[in-house]
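In what follows, a structure is listed as structure tokens, so that the remarks can point back to it.
Counting from 1, the numbers follow the sequence of the chain as shown. On a predicted model such as this, the values are computed, not experimentally measured, just so you know.
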Amino acid sequence: MPRQKDLKKLVRTRMSKTGEAYTVARAQIVQRKDARKTAAEAPEGVSVADYARIAGMSDTAVQAKTGCTWERWVKSLDHHGAATMPHGEIAAMIHEKWKVGGWWSQMVAVGYERIKGLRDRGQRRAGHYDASKSKTLNVPAARVFEALTEKPLLARWLPEAVRVRTASEERSARLTMQDGSIAAFWFTKKGEGKTALSVQQQKLPDKATRERMKRYWGERLEALKELLSS
């Protein structure tokens with residue numbers, strides 16, 4: 001909590017920006033400070049030894065790429081009030097303040113949010129879940145693109161797809177499914193005649209649905225592999 005003199009200064013600054021009365025502005029600042037203090041505390045039952053497991057990445061890996069262990073990242077991000085920030089702001093701060101690359105900034109932000117109990121595995125900060133699967137196919141990327149965008153071929157392994165929303169040849173495609181959700185596909189060449197394909201379905205309502213859709217996509221990608229192999 002700021003000292004009385006500092007608190008008054010913060011209140012008057014907020015009043016000048018928002019037009020709020022003194023008591024309203026003061027209540028908002030005190031509430032924000034209290035929330036930040038609470039968010040900076042580790043979730044109950046979580047120890048430093050649990051950090052890597054909860055984050056989903058080892059201390060060795062994250063330190064090799066960012067220069068810090070999870071314990072150090074949690075302390076630094078807590079110090080800057082990251083637990084009260086949106087995901088994008090956390091990642092941007094990591095990138096700009098500590099000069100961490102874009103992809104690793106995202107990874108550290110996600111790991112931190114998991115450690116703080118702000119999201120679960122496969123869950124977005126907004127509360128919904130994503131389901132993803134991947135598979136390596138023994139065919140060229142152009143053939144995978146055809147299987148995602150040509151209706152007769154698509155219907156043979158993914159009949160639940162309604163239409164192709166967007167497509168980029170030999171790179172990505174987004175399909176609308178029967179339930180109105182979007183399935184996003186990415187594919188990259190992996191050597192001669194091989195393609196790595198991944199799919200992600202977003203905005204699933206709960207963890208159980210996520211697990212069900214992961215199984216579903218595993219089955220669909222296996223069906224695609226069999227189709228293209230034949």
Find the distance between [atom1] ([X]) and [atom2] ([Y]) and round it off to the nearest 0.5 Å.
X: S168; Y: F187; atom1: OG; atom2: CZ; value: 7.0 Å
X: Q200; Y: I182; atom1: CD; atom2: CD1; value: 12.5 Å
X: R220; Y: L227; atom1: CZ; atom2: CG; value: 10.5 Å
X: I115; Y: E113; atom1: CD1; atom2: CD; value: 10.5 Å
X: D206; Y: R210; atom1: CG; atom2: CZ; value: 11.5 Å
X: T188; Y: R171; atom1: OG1; atom2: CZ; value: 12.0 Å

**Study point:** side chain to side chain contact (heavy atoms under 4.5 Å, CB included) evaluation trace for W157 with L148
**Key:** CA-CA 10 Å; W157 70 275; L148 289 167; 3.6 Å; yes

Check your understanding: Any chance the side chains of Q202 and Y129 put a donor and an acceptor closer than 3.5 Å?
Key ->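 Y129 and Q202 do not have a side-chain donor-acceptor pair below 3.5 Å.
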
Check your understanding: With sequence neighbours left out, what residues match K189 under side chain to side chain contact (heavy atoms under 4.5 Å, CB included)?
Key ->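 With sequence neighbours excluded, K189 shows a side chain to side chain contact (heavy atoms under 4.5 Å, CB included) to A141, E170, given in chain and number order.
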
Check this for me, if you would: do [X] and [Y] make a salt bridge, where the nitrogen-to-carboxylate-oxygen distance has to be below 4.0 angstrom?
X: K225; Y: E222; result: no
X: D120; Y: R114; result: no
X: K203; Y: D130; result: no
X: R215; Y: E211; result: no

Which atom pair, heavy atoms only, marks the closest approach of [X] to [Y]?
X: I90; Y: A82; answer: CD1-O, 3.3 Å
X: W70; Y: D59; answer: N-OD1, 2.8 Å
X: G101; Y: H95; answer: C-ND1, 4.0 Å
X: T149; Y: A167; answer: CG2-CB, 3.8 Å
X: W104; Y: M57; answer: CZ3-SD, 3.1 Å
X: A52; Y: S58; answer: CB-CA, 4.0 Å

Quick check on the hydrophobic clustering: are [X] and [Y] connected, directly or via other members, by side-chain heavy-atom contacts under 4.5 Å?
X: M85; Y: V110; value: no
X: Y216; Y: L197; value: yes
X: M177; Y: L221; value: yes

Practice item. Could you walk me through whether H87 and R119 pass side chain to side chain contact (heavy atoms under 4.5 Å, CB included), step by step? Key: CA-CA 10 Å; H87 171 81; R119 68 157 89 193; 3.3 Å; yes

**Study point:** T84 vs E89 side-chain heavy atoms within contact, under 4.5 Å
**Key:**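 Not in contact.
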
Check your understanding: Should we say atom NZ of K65 is surrounded by more than 12 heavy atoms from elsewhere, each under 6.0 Å from it?
Key ->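 No, because the 6.0 Å sphere around NZ of K65 holds 12 heavy atoms or fewer from other groups.
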
Practice item. Any chance you could lay out the side chain to side chain contact (heavy atoms under 4.5 Å, CB included) test for L137 and K194, step after step, and finish with the verdict? Key: CA-CA 6 Å; L137 305 171; K194 286 190 175 183; over 6 Å; no

Check your understanding: Would you say the ring centroid of W98 lies under 6.0 angstrom from that of W73?
Key ->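 Between W98 and W73, the centre distance is under 6.0 Å.
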
Check your understanding: Are D78 and Y112 close enough, and set up right, to give a side chain to side chain donor-acceptor pair (under 3.5 Å), and what steps lead you there?
Key -> CA-CA 9 Å; D78 278 351; Y112 172 77; 2.6 Å; yes

Exercise for review: Determine, stepwise, if the pair Q201 / D179 fulfils side chain to side chain contact (heavy atoms under 4.5 Å, CB included).
Suggested key: CA-CA 12 Å; Q201 190 170 5; D179 61 2; 4.0 Å; yes

